[in-house]
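What follows is a set of notes on a single structure, which appears directly below.
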Amino acid sequence: MVGASFACALSHGLTAADISILVVESIAPSTSPGKSPSFDARSTALSLGSSQIYSRMGLWQHLQGVATAIHEIQISDKGRFGSARITSAEQQVEALGYVIENHEIGNCLNAVLDNSAGVQFFCPAAITAITPNTAGMSLQIDMAGKSHALSAKLVVLADGGNSPICEKLGISHRRESYEQQALIANIAFEQPHKNIAFERFTDSGPLAVLPLADNNERHRGALVWTLRDNQVAEHLAASESELRARLQERFGNRLGQIQHIGERFCYPLSLSIATEQARPGLVLLGNVAHTLHPVAGQGLNLALRDAQTLVQILVEANGTTAMLGSMPVLQRYLQAQQADQDRAVNFTDYTTRLFSSNNSGKILARKFGLLAIDLVPSLRREFARQAMGI
Ligand SMILES: Cc1cc2nc3c(=O)[nH]c(=O)nc-3n(C[C@H](O)[C@H](O)[C@H](O)COP(=O)(O)OP(=O)(O)OC[C@H]3O[C@@H](n4cnc5c(N)ncnc54)[C@H](O)[C@@H]3O)c2cc1C
């Protein structure tokens with residue numbers, strides 16, 4: 001998702017005469033959910049800022065038709081007083097964000113990559129080794145049973161949260177497991193969602209229901225249900241009717257009866273931050289640079305802002321004598337994104353810990369936090385700006 005988005009943005013910013021881009025992806029596109037690590041059965045809440053980034057790349061016109069607008073975010077704490085409501089009308093924006101199924105983002109990015117002049121797309125093909133050379137990096141790529149060697153001025157490594165390449169390069173990560181997993185599924189409700197995204201905090205962790213377009217007359221939502229590690233097996237093994245009853249008890253009757261829960265998938269959740277994001281000829285983007293808890297929907301949105309800034313800096317450098325992969329150029333990128341990355345990481349980590357705890361002090365902080373957001377317009381505006389990625 002991140003590597004393909006970056007390549008599309010770079011090919012939009014520079015012409016084929018300026019640069020030649022090679023995208024290497026190890027998993028072939030698939031129509032079965034769960035097969036591709038990025039373009040899987042999940043849905044993503046794209047912030048308003050991210051929709052603007054995709055729009056500048058000429059991609060939004062393709063994605064708009066499959067995007068469901070978020071006009072309202074409702075945040076509540078199960079079984080406790082205190083809730084907050086943020087609306088696009090009050091923030092004077094067309095939408096706070098949009099929900100898109102990941103496989104739709106994948107279809108769009110793959111189609112654009114296939115048709116971009118100056119972009120070569122090797123898939124399925126795997127990078128097996130990266131080693132520094134005087135002009136940048138040497139790459140070893142396995143494709144169709146053969147090994148290929150080539151050299152690049154800059155490698156943008158976007159190989160996800162589990163990167164053997166980083167290990168080989170000696171780039172370590174600061175990792176903290178939340179001891180939680182996200183159970184995701186598409187669900188159907190009795191009543192339409194009215195473009196509301198629900199964020200509900202429960203004793204096992206946060207639970208989100210994002211609005212999806214109706215399908216076969218079903219009112220659909222995308223469920224992201226945070227469970228403690230020791231609850232996962234029983235939730236995966238439970239019958240559909242049993243799970244519906246449990247979810248109904250957690251989510252309440254906001255959208256009437258939960259009528260259906262589709263196929264379930266689980267993702268272990270951790271905070272993982274690379275200790276280095278750049279070396280001469282190499283820069284890390286997306287989950288390999290920072291993997292966040294999905295509670296606040298910040299992971300891809302932050303990575304898209306990183307990608308946009310990196311493209312801007314490479315485009316500026318391209319008109320000068322600076323080498324694209326040189327440290328002064330990459331340092332400019334790191335400095336430009338440092339504050340944004342720190343803010344998104346801290347916001348997500350703090351929210352996760354605050355809303356996953358049954359400690360009485362944190363329960364009180366939550367209650368007053370939600371009340372304050374609901375009552376104080378300037379706080380609401382601040383919270384909305386982080387959610388909207390602007
Ligand atoms: C349950 C859940 C819900 C989420 N919801 C949101 C949300 O609403 N909003 C949001 O902003 N973020 C959300 N996120 C975060 C978001 O999904 C991630 O930030 C995003 O998927 C990161 O993508 P990536 O491209 O960096 O990594 P990945 O998705 O892991 O992709 C890495 C790619 O690299 C390829 N690859 C790996 N090794 C090699 C190799 N050696 N050679 C070639 N190719 C290779 C893999 O095949 C894969 O395609 C959510 C995350 C989870 C777990």
Side-chain angles (χ1 to χ4, degrees), residues 41-45 68-87 96-97 99 101 178 180-215 217-267 269 293-297 351-352 354-358 362-363 366-367 369-371 373-374 387:
R42 282 172 295 174
S43 295
T44 292
T68 305
I70 300 173
H71 290 315
E72 184 173 326
I73 301 174
Q74 281 187 16
I75 312 161
S76 56
D77 202 354
K78 182 184 174 292
R80 294 194 178 88
F81 181 61
S83 65
R85 199 170 146 256
I86 292 160
T87 65
L96 297 166
V99 184
E101 291 174 75
Y178 288 111
Q180 293 176 337
Q181 299 198 26
L183 182 151
I184 66 127
N186 283 351
I187 52 182
F189 287 98
E190 188 185 1
Q191 292 165 18
H193 49 62
K194 298 189 187 136
N195 296 82
I196 302 173
F198 298 90
E199 187 86 52
R200 189 147 169 79
F201 295 100
T202 75
D203 48 9
S204 65
L207 182 160
V209 173
L210 305 172
L212 283 179
D214 287 359
N215 193 355
E217 296 180 6
R218 277 195 151 147
H219 303 307
R220 292 189 315 146
L223 169 71
V224 184
W225 188 355
T226 312
L227 299 168
R228 286 191 296 273
D229 280 342
N230 61 7
Q231 298 175 306
V232 173
E234 49 158 344
H235 280 73
L236 284 177
S239 69
E240 201 234 353
S241 62
E242 209 178 306
L243 197 69
R244 266 192 282 134
R246 277 188 216 176
L247 183 60
Q248 192 87 58
E249 192 266 322
R250 306 254 128 184
F251 184 68
N253 282 313
R254 288 161 181 74
L255 297 177
Q257 288 293 309
I258 297 166
Q259 296 178 325
H260 179 68
I261 300 184
E263 197 175 351
R264 308 160 209 176
F265 298 89
C266 269
Y267 295 82
L269 302 176
H293 193 292
V295 60
T351 312
T352 305
L354 181 66
F355 284 96
S356 299
S357 171
N358 292 321
K362 287 199 173 149
I363 292 172
R366 233 159 43 208
K367 187 166 150 177
L370 288 178
L371 271 175
I373 290 174
D374 207 44

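To the nearest 0.5 Å, the span separating CD1 on Ile187 from CZ on Arg244 amounts to 11.0 Å. To the nearest 0.5 angstrom, Ile363 atom CD1 is 10.0 Å from Leu354 atom CG. One finds the NE2 atom of His235 at 6.0 Å from the CG atom of Leu243 (value rounded to the nearest 0.5 Å). In this structure, CD1 in Ile196 is found 11.0 Å from CG in Leu96, a value given to the nearest 0.5 Å. Remark: Thr68 OG1 to Glu101 CD distance equals 8.0 Å, nearest 0.5 Å. For the atom pair CG of Leu223 and CG of Leu207, the computed distance is 5.5 Å after rounding to the nearest 0.5 Å.
Gln181 has its side chain within reach of Asp229: a pair of non-hydrogen atoms, C-beta onward, lies under 4.5 Å apart. For the pair Val232 and Leu183, the minimum side-chain heavy-atom distance is 4.5 Å or more. Contact of the Leu255 side chain with the Phe198 side chain is registered, since non-hydrogen atoms from C-beta on lie closer than 4.5 Å. A 4.5 Å side-chain heavy-atom check between Ser83 and Gln74 finds every atom pair outside the cut-off. Between Pro211 and Ile70, the closest side-chain pair of non-hydrogen atoms falls below 4.5 Å. A 4.5 Å side-chain heavy-atom check between Phe201 and Val295 finds at least one atom pair inside the cut-off.
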Report task. Mind running side-chain hydrogen bond (donor to acceptor under 3.5 Å, both in side chains) on Glu72 and Asn195 for me, showing each step along the way? Result -> CA-CA 7 Å; Glu72 184 173 326; Asn195 296 82; over 6 Å; no
Requested in this report: Any chance you could lay out the side-chain contact (heavy atoms from CB on, under 4.5 Å) test for Ser76 and Arg254, step after step, and finish with the verdict?
Outcome: CA-CA 12 Å; Ser76 56; Arg254 288 161 181 74; 3.7 Å; yes
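Considering every non-hydrogen atom in both Ala197 and Leu210, the closest pair reads CB-CD2, 4.1 Å. Smallest separation of non-hydrogen atoms from Gln248 and Ile258: OE1-N, 2.9 Å. Nearest heavy atom pair, residue Ile261 against residue Glu240, reads N-OE2, 2.6 Å. Scanning both residues, Arg220 and Ala213, for their nearest heavy atoms gives NE-O, 2.8 Å. Here the shortest heavy-atom pairing between Ala84 and Leu370 reads CB-O, 3.6 Å. Closest non-hydrogen pair, Ala238 versus Arg246, comes out as CB-NH2, 4.1 Å.
The backbone N or O of His219 lies less than 3.5 Å from no partner atom in the side chain of His193, so there is not a single donor-acceptor pair. Proximity of a side-chain donor or acceptor of Arg200 to a complementary backbone N or O of Arg250 within less than 3.5 Å is detected.
Taking the side-chain contact (heavy atoms from CB on, under 4.5 Å) definition, one finds that Gln191 meets it with nothing, sequence neighbours left out.
Ring geometry, Phe189 versus Phe251: the interplanar angle falls from 30° to 60°, so the pair is classed tilted.
A 6.0 Å sphere centred on CZ of Arg85 holds no more than 12 heavy atoms belonging to other residues, nucleotides or ligands.
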